[in-house]
Structures are given as C-alpha cells and as structure tokens.
Amino acid sequence: MNEITILATLASVHWIALMSPGPDFALVVQNTTRYGRQTGLYIALGLSFGILLHSIFSLTGVSYLVQQHPGLFAIVQLLGGSYLLYLGFGALHGLWQSRNAPKSEPDNLATSGHYLLASKRQAFSRGFATNILNPKALVFFVSLMSSLVPVGMSWGGKGIALVILWGLSLVWFSLLAWLLSSSRLQKKMQNAAKYIDGACGIMFSVIGFTILFSSVADITTLLIG
C-alpha cells in the first residue's frame, strides 16, 4: 500500500474507534451535560492530546516496550484502573449526596468541591489523564500502529499520521460537546443529568475495577513466578 492508502485506512479505523462508547466518550457526555460547552471542549482538547501522546509513544516503540514488559504494563493498569475508579466513585458519591440533600437546597452535585471542574486547566487535565492512563488505549494504539504503519514509512508520512489521529480526536470530541450543549438539547440533557451521571459513574467503576482486577492478577502471577 502507498502512504495515502495507509493514512486513509488509519483515519477510517481511528474514526470508527472514536465513536465506540468508552471512558473518553462517557467523560465528554457526563461533563458537558453537567457543566456546559466550555468544559466539554476543554475535556475534548485534553483527550485529543492524550491520544496524540499515545500515538507518539506507539510510533517510537515506547508503548510496545511497556506492553511487552509485564511489570511495567501491570503498573500502567494499576494507575489507569485506580483513576477510572476514582472518577466512577466520585460521580456516584456526588449523585448520592444530591439524592439525599434537602429539597430546599440546590443540586449540590454541580457544586460539590470533590466533583466540580473548577477551571479550564482542570477540565483539560481530566480529559488528558483519562485517556493517557487508560491501558486499553495503549494496547489499541500499539496494535493500530504496528498493523497499519510500516517501519519504512517516511517521517513525513508518520508526522501526517500523528496529525490525523490528533485532529480527528479533537474534531469528534469537540463536535460531541458542541452538539450536547446546543440550546435545543441542553435543557433535556440537564433534566437527565442525574441519570447520565449514574450511568457514567457505573461505567467508570466497572471498567476501572476490571482493569484493576487484571493488574492484580498479573502482579500476583509475576510474584509467584
């Protein structure tokens, strides 16, 4: 395949993967619904830079080395699973507080100090951390790059590949945030915010627990072996 065909295939596969529900998707939906367009856009920016870093690590072989080293990969899993559990428990705890608050008080889910994304930097950091600490993303990009990007591809072609992966990610998550915060949808989304928070909290918790369970199993195997 020539480089144009390779890049087109890479873009198509990545675009399909972006639209698949997962932690990144849930993070944008949850926080755009709760905090509005600006927060959603900064989370989208953070997610896209996480994807860019994963792509660079995969192209340079760093991610492959981590994946092939059981100890290092177990640490990545431990960190990623713990962070997703933190997001999940934080969302569920905020939802629990909101349900048990006196009816005369405003919805404290949006004002809880634990839950609030107080700044653009915090929104960006949460998006970046959610993606870069996800071990499933590491495995995906190692597989994507090793199967579609040949070793002999020109540096210009690899640079374009990085721009495509970053650009498509930013466009997709920004578009998602923009659509969810449109005036027509915003009121409906706000009415469903608690249900969205609950669903996302459960998703983060289940994925985080699964990753943590896998990391503990790997570490146990290493210690026994």
Side-chain angles (χ1 to χ4, degrees), residues 17-48 50-51 76-103 105-138 140 169 172-181 185-216:
L18 284 171
M19 292 188 288
S20 303
D24 294 351
F25 184 94
L27 191 73
V28 174
V29 173
Q30 178 193 22
N31 288 283
T32 300
T33 300
R34 177 58 60 183
Y35 302 118
R37 177 171 295 170
Q38 186 178 77
T39 295
L41 291 175
Y42 274 90
I43 284 177
L45 187 62
L47 289 169
S48 69
I51 288 171
V76 171
Q77 287 182 305
L78 191 63
L79 292 173
S82 299
Y83 187 72
L84 288 176
L85 268 181
Y86 163 77
L87 293 181
F89 286 165
L92 294 175
H93 177 67
L95 183 60
W96 175 261
Q97 285 185 323
S98 176
R99 288 177 63 88
N100 289 278
K103 292 184 179 181
E105 293 184 9
D107 181 4
N108 68 345
L109 185 60
T111 57
S112 167
H114 172 76
Y115 196 73
L116 178 62
L117 295 183
S119 66
K120 299 173 184 177
R121 179 180 298 179
Q122 190 176 355
F124 175 89
S125 298
R126 181 162 294 185
F128 180 79
T130 299
N131 185 270
I132 200 65
L133 291 177
N134 186 354
K136 294 182 181 296
L138 183 149
F140 170 75
S169 304
W172 166 247
F173 290 123
S174 296
L175 180 62
L176 184 63
W178 187 274
L179 292 175
L180 290 174
S181 59
L185 278 178
Q186 190 64 28
K187 186 174 181 180
K188 294 180 180 179
M189 297 296 290
Q190 285 290 343
N191 292 334
K194 292 182 180 180
Y195 302 103
I196 294 171
D197 289 332
C200 292
I202 292 171
M203 177 188 291
F204 289 137
S205 298
V206 170
I207 296 175
F209 178 79
T210 303
I211 292 172
L212 273 180
F213 181 82
S214 177
S215 69
V216 171

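The shown structure was predicted, so the numbers you read here are calculated from the model rather than taken from an experiment.
- Not a single donor-acceptor pair under 3.5 Å links the side chain of Thr32 to the backbone N or O of Val29.
- None of Leu18, Ile43, Val28 except one satisfies the side-chain contact (heavy atoms from CB on, under 4.5 Å) rule with Leu176; the exception is Val28.
- Note that CG of Asp197 is 9.0 Å distant from CG of Leu92, once rounded to the nearest 0.5 Å.
- Taking CG from Asn31 and CG from Leu41, the interatomic distance works out to 12.0 Å, rounded to the nearest 0.5 Å.
- Listed for the Asn134 side chain is no donor-acceptor partner under 3.5 Å among the backbone atoms of Thr130.
- Here the closest non-hydrogen pair linking Gly22 and Met203 is O-SD, 3.8 Å.
- Distance check, rounded to the nearest 0.5 Å: CZ of Arg126 to CZ of Arg121 gives 15.5 Å.
- Scanning both residues, Val76 and Pro135, for their nearest heavy atoms gives CG1-CB, 4.1 Å.
- Among all heavy-atom pairs drawn from Phe140 and Ala17, the shortest one is CZ-CB, 3.6 Å.
- Ser169 and Ile51 get closest at one heavy-atom pair: OG-CD1, 3.2 Å.
- A distance of 8.5 Å separates CG in Leu133 from CZ in Phe128, rounded to the nearest 0.5 Å.
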message = Could you go through Phe25 and Trp172, starting from their C-alpha distance and side-chain angles, then the distance that decides it, and tell me whether this counts as side-chain contact (heavy atoms from CB on, under 4.5 Å)?
response = CA-CA 10 Å; Phe25 184 94; Trp172 166 247; 3.9 Å; yes
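- Considering CZ of Phe204 and OH of Tyr86, their distance stands at 12.0 Å, rounded to 0.5 Å.
- Using modelled atom types, no side-chain atom of Thr39 and backbone atom of Gly36 make a donor-acceptor pair closer than 3.5 Å.
- In this structure, the side chain of Ser214 does not engage the main chain of Thr210 through any donor-acceptor pair within 3.5 Å.
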